[in-house]
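A, B, ... follow the sequence lines: proteins, then strands. Residue 1 opens every chain.
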Amino acid sequence: MDPFYDTIIIAEKPGVAKAFAYSLSNPGRPKIISINRITLYSFKYKNKKILSFGVSGHILNFDFQKKYNNWKNTDPRTLFFIDPIQIVRKGSWKYYDTLRKLSQKTNHVILALDADVEGESIAFEVMNIMKKYNPNIKFDRAWFSAITKEDILNAVDNLTKPNPNLANKAFARMIVDLTIGAAFTRILTLMIEKRSNVLPRGKFISYGPCQTPVLYLVVKRALEREKFKKKKYYSLNAKLTNGIKIFNAVYYKEKIESFEEANSILNRIKNTSKATVIKADYTTRNILPPEPLNTIELERRCSRFLNIRPQETLNIAENLYQDGLISYPRTETTKYPKTINLIKIAKKFIDYQDIGPFVRKIISTKISPRQGSEDDKAHPPIYPLKNLPKDKIIQKYGRKGWNIYNLVVRHFIATLSKPAVIEKQKIIAKIKNEKFIIEGLKIIEEGFYTVYPYDKPSENILPYLLPNDTLEVIEIKIIEKETKPPPYLSESQLLKLMKKYGIGTDATMQDHIQTNIKRKYFVVDKKRCIPTPLGKILTTSLYETVPEIVEPEVRGKMERKLQKIAEGIVEPNEVIQEIKREFLEYYDRLRENEEELSKKLIKALITVYSNEYEKRVSRRYQNYKDKQRKRR
DNA sequence: GCAAGGTC
């Protein structure tokens with residue numbers, strides 16, 4: 001018998017489809033069936049026969065018609081004047097085919113995609129595919145802000161209609177990104193290939209409205225570093241003691257310009273044996289626990305605390321999520337939803353590592369979790385779901401997997417913990433008339449640091465002194481110092497800047513870093529981003545002619561224009577044309593400077609690809625000689 | 001052979 005479903009629910013990922021099935025199924029549990037190796041859930045809800053399953057993100061993508069995809073025969077400029085077409089993504093045919101089959105088996109579909117513009121655009125992809133095979137289907141939208149039973153029931157009881165404005169914003173973004181990226185990547189690559197064969201087969205010079213501003217941020221810092229001129233300066237250090245402990249005191253002026261000045265101060269005080277305390281400040285300060293974890297913070301902390309690269313962090317987190325150890329790892333949210341039972345989750349960790357007793361104490365008191373302010377309305381912050389022993393986790397996910405899992409668990413417990421209390425200690429002592437400063441730090445209450453030692457400050461406890469107390473001077477000396485250039489940008493700082501400028505999304509930020517590495521524009525060494533000569537030349541020479549396409553603000557400006565589509569203020573095509581016109585102007589300006597630009601790029605390319613270049617030349621020479629030999 | 005965005 002061919003089953004007919006009253007309703008088919010389509011989610012963005014299998015996990016959500018499963019949550020819908022288990023939240024709604026009544027009576028009984030959902031039955032699992034399989035089409036094209038996709039898992040689907042069949043169940044009853046309010047006496048209706050329902051089927052749910054997840055497509056994995058987008059099913060369709062934009063591309064140019066085939067005839068425009070030959071780089072050599074197509075002037076990249078023409079890409080600004082044609083409309084890309086939607087195609088089925090590689091690997092998405094099984095979802096396409098499943099939608100086609102199922103469109104014959106229902107007249108009602110609930111679009112349960114994520115509550116954001118990408119989710120809405122996937123909803124329209126689903127609708128357009130299914131309508132083609134069954135024009136009678138009625139479509140509703142389930143809009144839910146957390147994947148909990150309560151939210152799911154609420155969404156299903158309050159269905160809305162899909163919003164084309166949101167979807168069109170996402171489609172417009174896809175179109176302009178493809179057009180701009182392809183046009184600039186092709187022209188940059190072709191201008192090199194026309195003049196040189198330094199680019200190995202399959203390599204190209206790319207441009208993208210996310211990747212290039214990321215490179216700019218890295219190069220900008222490297223140039224500041226290169227331009228930096230070191231300067232010598234002097235400081236005075238004094239060793240003082242109260243008879244019990246020895247303290248390091250530094251001269252109150254951080255920098256003394258000349259040795260002579262430092263020396264004259266030293267001469268004035270060097271025979272003094274006593275220092276007098278003139279001020280002693282002990283101020284306590286609360287340090288709040290960290291905010292609930294979102295993707296970018298997970299990546300930044302794993303980079304800083306664990307020295308794991310963002311891309312690997314997200315990969316491992318995805319695996320931990322797939323196996324049900326942690327919640328969904330791609331989220332902007334830093335605020336626990338009201339529907340989440342924090343105590344229940346914490347209870348799972350009452351025997352975790354060495355922090356069990358601490359966790360027991362937390363759940364026996366009234367907790368008020370630390371809350372952030374970001375909410376993507378689709379996913380909760382990242383938190384642990386299961387307590388598994390260390391050796392099991394290491395066995396399956398490696399040491400890095402354990403370290404990341406352990407961070408997620410401890411971070412979660414930390415957000416439920418009390419603030420730490422520290423005491424900042426500052427003593428000012430006078431040697432004759434010269435002021436010296438001693439600084440100390442004492443941890444009064446460990447608070448969340450008990451479970452979260454990663455950025456716990458180190459203690460340096462000073463005794464409690466009072467004004468007019470006397471200290472012995474052990475020695476005073478002049479220290480010669482040098483001003484330091486700014487360090488290369490760390491990956492953690494880079495992520496923070498990307499967020500500040502709105503470059504990329506939680507799920508893609510690490511991709512944009514990775515693209516630059518793949519293109520040999522920069523490398524990451526010891527957590528720091530160091531540009532290659534190619535990356536530097538590409539950025540600086542593009543910046544000289546078309547700063548507008550390199551500046552970190554590019555993406556944000558584009559985003560604001562696209563946002564008007566979502567708000568229904570401007571027609572999508574109007575925005576698409578406006579952005580295309582703007583970038584066409586930049587494109588033309590770039591071409592005017594093609595000669596100079598390509599010369600510079602070729603020079604830099606040789607440094608990056610010299611090995612490969614030489615190998616290729618020698619291989620060709622070898623071929624030539626082989627042929628000659630055969631002829632003889 | 002292009003981009004950036006979903007997700008695996």
Return all side-chain donor-acceptor pairs below 3.5 angstrom for residues 550-560 of chain A, not counting sequence neighbours, or 'none' if the list is empty.
| unit_1 | atom_1 | unit_2 | atom_2 | d |
| --- | --- | --- | --- | --- |
| R555(A) | NH1 | D177(A) | OD1 | 2.8 |
| R555(A) | NH2 | D177(A) | OD2 | 2.9 |
| E559(A) | OE2 | K169(A) | NZ | 2.7 |

Q) Can you list the residues that meet the side-chain contact (heavy atoms from CB on, under 4.5 Å) rule with I85(A), with sequence neighbours excluded? A) Q65(A), I87(A)
Within [range] or reaching into it, pairs that qualify as ring pair (Phe, Tyr, Trp, His ring centres under 6.0 Å) - sequence neighbours excluded:
| range | answer |
| --- | --- |
| residues 542-580 of chain A | Y216(A)-Y543(A) |
| residues 187-207 of chain A | F184(A)-Y207(A) |
| residues 63-85 of chain A | F80(A)-Y587(A) |

Q: Classify the side-chain pair Y95(A)/N36(A) by whether it contains a donor and acceptor separated by less than 3.5 Å.
A: no
Q.
Within the 4.0 Å limit for protein heavy atoms, which parts of nucleotides 2-7 of chain B are touched? Write it as a string from 5' to 3', B for base, S for sugar-phosphate only, - for none.
A. BBBBBB
Q) Which part of the nucleic acid, if any, lies within contact of E193(A), taking any heavy atom under 4.0 Å across all strands shown: a base, the sugar-phosphate backbone alone, or nothing? A) base
Q) Which part of the nucleic acid does S121(A) contact within heavy-atom distance under 4.0 Å: base, sugar-phosphate only, or nothing? A) nothing
Q: Mind listing the residues from residues 534-544 of chain A sitting with a heavy atom below 4.0 Å of DNA chain B? Number order is fine.
A: none
Q | With sequence neighbours excluded, residues passing ring-ring contact (aromatic ring centres under 6.0 Å, His included) with F171(A) | A | none
Q.
Could you work out, with ring-ring contact (aromatic ring centres under 6.0 Å, His included) as the rule, every residue matching Y328(A), not counting sequence neighbours?
A. Y321(A), H379(A)
